[in-house]
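Here the structure is laid out as structure tokens; the discussion comes afterwards.
Naming convention: chains lettered A, B, ... in sequence-line order (proteins, then strands); numbering from 1 in each chain. What you are looking at is a predicted structure, and each value in this text was computed from that prediction instead of being measured.
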Amino acid sequence: MGTEWKRKVSLFDVSDDYEASLSALFTRLSRVSINGAAAAANPPPINPWSGRPYSARYLKLLEKRRELPVWRHKDEFLRALRDNRTLILVGETGCGKTTQIPQFVLDAEDLGNHSAVACTQPWRLAAVSVARRVAQEMDVAIGEEVGYSVRFKHLCSYKTVLKYLTDAMLLREAMADPLLEKYKVIILDEVHERTLATDVLFAHLKAVLKKRPDLKLVVMSAALEVEKFQGYFSGAPLMKVHGRLHPVDIFYTQEPERDYMEAAIRTAVQIHMCEPAGDILVFLTGEGEIEDACWKINMEINNFGDHVGPVEVVPLYSTLPLAMQLKVFEPGPPSLRGGPPRRKIVVSTNIAETSLTIDGIVYVIDPGFTKHKVYDPRIRVESLLNSPISKASAHQRAGRAGRTRPGKCFRLYTGKSFNEDLQQQTYPEIFRLNLAYTVLTLKKLGIDDLVHFDFMDHPAPETLMRALEVLNYLGTLDDEGNLTHLGEMMSEFPLDPQMSKMLVMSPKYNCSNEITTIAAMLSDLNHLVYVWHLYYFDCNITMCKQSARFLVSPNCFLRPREARKAAGEARSRFGHIDGDHLTLLNVCHWYKQNSKSSTYDYFINARALKYADKVRRQLVGIMTRLGLKVCSTDFNSRVYYVNIRKALVAGYFMQVAHREQNGHYLTVKDNQIVHLHPSNSMDHKPEWVFFDEFVLTTSNFIRTVTDVRGEWLIDIAPHYYDLSNFPLCEAKRALEKLYGKREREASVTRVRRLYLTPPAAP
DNA sequence: GAGCACTGC
């Protein structure tokens with residue numbers, strides 16, 4: 001301990017010296033006390049957290065912890081924490097900041113017996129696995145003194161003093177308790193990821209710090225853009241901790257490569273022929289490229305015959321079935337003594353950049369591209385663009401080569417290009433995503449003035465305007481920009497506003513049961529499976545954080561490459577001719593009745609459906625809490641599907657396209673030419689459709705599309721289909737006719753009433 | 001005629 005700072009010694013106080021002596025004591029005990037006599041004479045020290053004696057594992061872990069680079073900075077950190085309300089800690093992968101810093105904070109702060117320290121992570125798996133690890137390190141049961149809170153899973157108790165949670169979850173907590181009063185110290189970890197939730201928390205917590213003098217904030221990040229963080233947090237002190245990775249030699253090309261695919265394949269083959277043993281990881285942008293490259297690498301190497309060792313080329317991307325994904329973890333072919341090296345070549349998307357760690361990789365090939373989701377508020381389209389990676393990404397990719405031993409990274413671009421062309425960081429999400437959901441969150445947090453809100457990076461004004469416009473049309477915000485009663489209800493759902501709107505409206509159409517199912521199926525089905533979690537858990541915390549993530553295909557329909565046709569046929573069995581939303585409902589119904597039978601025979605992704613069911617239960621819980629009836633129209637009723645489609649329109653009336661005379665579809669108001677995505681299940685091309693998403697890939701596609709009647713649009717959303725505010729187009733003329741028809745119907749009704757209704761008694 | 005990666009009381 002530093003001499004200038006005499007800490008208050010409490011029961012919770014575990015100083016370095018104390019732990020060192022404890023460690024020595026236990027070493028002695030374990031040596032002499034086989035028969036227990038010595039142990040009885042020297043009772044082992046009591047863990048102040050649990051009130052029980054420390055276990056042997058505690059000491060084993062303690063020794064490992066003390067080797068972490070961050071331990072050398074413990075005193076410095078505690079001093080900085082005492083003297084400042086905000087501080088920034090920069091530490092490279094493997095320095096131990098995520099597990100140790102929160103424990104240091106517990107050592108420093110005199111806390112009550114309620115949850116007082118929160119540490120955020122961008123990913124659920126990280127929050128859960130780190131919490132479990134830290135519970136072991138503190139020798140307490142998970143869910144007691146150390147807990148976690150992520151979507152669908154909360155493991156905390158009244159005893160919890162340290163809680164790991166996702167950043168989005170802390171934001172959710174802030175919506176109910178804006179000052180976050182139950183926390184004394186909030187640690188935001190992995191802030192360089194710049195998730196939307198982290199960015200919002202930055203600004204919100206900055207404001208909370210002004211209102212709560214007792215709150216402290218620790219911001220932790222990997223390297224890069226440190227000055228920016230420091231500037232934003234008005235010069236908060238900065239601590240740097242170095243990590244422990246093996247060195248990686250980086251090679252650039254002399255000249256820019258014209259064809260990065262060809263260059264990547266050539267480099268892989270060269271490494272295999274010339275470099276010593278060690279597996280290769282190649283980064284490409286998508287499934288098509290990856291399958292292509294795998295085939296070509298195999299071909300070229302096979303052409304060399306027996307002169308070179310055999311290779312196993314393994315593709316890796318998220319929509320690959322799980323069993324295939326797991327192949328990347330199998331060891332490659334063993335090398336024969338004296339023979340040429342054999343090796344495994346993994347060809348992967350970005351998934352291998354941060355999401356999972358593969359043992360044995362020594363060579364990385366980085367062509368410098370990735371696919372990115374980009375939102376254009378002008379045309380309201382999210383598209384996938386093949387674009388250059390950032391320096392931070394390149395750094396991360398290179399690091400994949402140095403995890404087990406010194407490695408090499410081959411960048412297929414020039415050093416000049418790296419220095420001059422690549423962005424420092426990947427664009428933060430706040431620049432790239434549709435902000436409707438985020439703006440609703442901010443409104444719920446009580447932030448009125450979005451334009452002057454203290455974002456670290458301000459989103460484009462158009463994106464904010466679009467979000468406000470959408471929320472206004474949905475009835476979430478009134479014309480002054482205040483949250484309406486409807487908006488209050490919508491903000492309770494962890495869903496896009498269109499979806500929360502259709503949920504809130506669905507009881508009115510007597511189909512909230514079905515709408516809840518469809519919402520669950522539509523909400524992003526990517527989710528994490530904790531396959532390797534326990535296996536890696538005791539080995540290495542960094543691996544545990546990053547190894548265990550496998551994606552479920554984002555779609556409930558499987559389409560294995562080798563069985564496309566069969567998959568298509570199986571899918572058509574579920575197809576509903578009125579549209580994909582109803583098809584999703586069919587799949588769910590089928591699964592509920594047949595969950596025991598082999599889903600794979602029907603090319604149905606059972607894990608996606610299980611996940612959807614989890615989401616559904618959560619949504620039903622929220623509905624019930626809000627007093628919204630969970631009900632269904634009789635399945636045999638003529639209006640069963642009609643009601644469902646109408647309820648969907650109540651949310652999706654802004655995402656509608658109209659078929660023109662020439663057969664093309666134009667989106668309403670924006671007049672974008674779009675095509676029905678070939679995966680749609682309709683047997684016809686309806687005049688009007690609504691859609692879930694507009695994606696720009698090989699063409700302008702609208703995906704997840706359902707037939708809607710024009711009359712419903714003007715009945716359900718007359719404020720949006722107000723013709724005085726509509727560009728001249730075929731859709732407008734079609735709507736004019738519909739309004740005319742409605743007007744005639746109305747006058748007939750008036751006449752009937754006039755003549756047929758008996759006059760009311762005076 | 002088709003699929004980068006993640007997340008949410």
Side-chain angles (χ1 to χ4, degrees), chain A residues 120-127 149-154 156 165-177 190 193-198 200 283-291 316-320 348-356 369-374 382-387 389 393 396 426 429 432-433 437-438 440-441 444 491-496 499-500 520 523-528 546 549-555 557-561 564 567-568 571 611 614-615 617-619 621-622 625-626 675-680 693 695-699 701-703:
Chain A
T120 67
Q121 299 290 315
W123 306 296
R124 278 195 289 194
L125 181 76
S149 187
V150 299
R151 191 179 190 186
F152 307 124
K153 188 83 185 164
H154 309 274
C156 300
L165 70 181
T166 48
D167 48 10
M169 183 63 75
L170 186 63
L171 202 51
R172 270 281 152 189
E173 290 189 359
M175 285 165 80
D177 169 22
E190 313 284 2
E193 292 288 336
R194 296 296 302 280
T195 64
L196 203 43
T198 293
V200 173
F283 284 102
L284 291 175
T285 67
E287 178 183 338
E289 278 183 15
I290 288 170
E291 293 290 349
L316 179 64
Y317 45 87
S318 66
T319 47
L320 200 65
S348 170
T349 61
N350 246 3
I351 190 170
E353 186 179 306
T354 51
S355 303
L356 56 89
F369 285 91
T370 187
K371 276 187 190 160
H372 241 111
K373 200 179 217 176
V374 185
E382 284 185 329
S383 46
L384 283 175
L385 289 182
N386 204 344
S387 47
I389 60 171
S393 243
Q396 183 74 33
T426 307
E429 285 185 339
R432 297 190 282 120
L433 302 182
Y437 175 77
T438 306
L440 180 53
T441 308
K444 177 75 185 170
S491 74
E492 296 293 316
F493 291 95
L495 298 171
D496 267 346
M499 278 205 248
S500 354
S523 54
D524 207 339
L525 295 178
N526 284 324
H527 99 281
L528 312 174
Q546 298 179 334
R549 299 210 255 143
F550 297 92
L551 290 165
V552 164
S553 158
N555 199 311
F557 297 105
L558 295 166
R559 279 188 83 230
R561 232 181 144 73
R564 295 258 149 118
R571 180 176 180 158
Y611 183 74
K614 234 168 155 177
V615 175
R617 268 176 291 166
Q618 184 187 25
L619 298 180
I622 299 170
R625 189 154 48 75
L626 292 176
H675 307 282
L676 302 181
H677 195 274
S679 63
N680 88 80
E693 46 179 3
V695 287
L696 180 65
T697 47
T698 51
S699 179
F701 289 113
I702 48 178
R703 198 159 53 185

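The nearest heavy atom of DNA chain B to A:Arg151 and to A:Pro678 marks one nucleotide each, and the one closer to the 5' end goes with A:Pro678. If you find the closest nucleotide of DNA chain B to A:Ser679 and to A:Lys444, the one lying nearer the 5' end belongs to A:Ser679.
Between the CG atom of A:Leu284 and the P atom of B:dG3 there is a distance of 17 Å, given to the nearest Å. Summarising the geometry, the separation between CG on A:Leu196 and C1' on B:dG8 is reported as 11 Å, rounded to the nearest angstrom. Per the geometry, CZ belonging to A:Arg703 stands 10 Å off P belonging to B:dC4, to the nearest Å. In this entry the distance linking CG of A:Leu433 with C1' of B:dC4 reads 13 Å, nearest Å. Summarising the geometry, the separation between CD on A:Glu429 and C1' on B:dC4 is reported as 13 Å, rounded to the nearest angstrom. For the pair A:Leu170 CG and B:dT7 P, the computed distance is 17 Å after rounding to whole Å. In this structure, A:Ile702 atom CD1 and B:dG1 atom P are separated by 15 Å, rounded to whole Å. Rounded to an integer number of Å, the gap from A:Lys371 NZ to B:dG3 P is 7 Å.
Between the base of B:dC9 and the side chain of A:Gln618 there is no donor-acceptor pair shorter than 3.5 Å.
Smallest separation of non-hydrogen atoms from A:Phe493 and A:Tyr437: O-CE1, 3.8 Å. Contact between A:Glu193 and A:Pro122 at its shortest, heavy atoms only, is CG-CG, 4.1 Å.
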*Worked check of side chain to side chain contact (heavy atoms under 4.5 Å, CB included) between A:His154 and A:Met169*: CA-CA 10 Å; A:His154 309 274; A:Met169 183 63 75; 3.8 Å; yes

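By the salt bridge (Lys or Arg N to Asp or Glu O under 4.0 Å) test, A:Glu173 is found to be paired with A:Lys163, A:Lys182, residues two or more places apart in sequence or in another chain being considered. A:Ser699 meets the side chain to side chain contact (heavy atoms under 4.5 Å, CB included) test with A:His675, A:Phe701; sequence neighbours excluded.
Across all strands, A:Thr285 comes closer than 4.0 Å only to sugar-phosphate atoms, never to a base (heavy-atom distances). Using a 4.0 Å heavy-atom cutoff across all strands shown, A:Met175 reaches no nucleic acid atom at all. Heavy atoms of A:His675 sit nowhere under 4.0 angstrom from any nucleic acid atom. Residue-level contact check: A:Phe493 touches neither bases nor backbone, having no heavy atom under 4.0 Å from any strand.
Of the candidates B:dG3, B:dA5, B:dT7, B:dA5 carries the atom nearest the A:Tyr317 side chain, counting heavy atoms from C-beta on. Taking only side-chain atoms of A:His677, from C-beta outward, the nucleotide of B:dG8, B:dC9, B:dA2 with the closest atom is B:dA2. The side chain of A:Arg625 sits closest to B:dC9 out of B:dC4, B:dG3, B:dC9.
Taking side-chain N and O atoms only, A:Thr349 has a distance below 4.0 Å to OP1 or OP2 of B:dA5.
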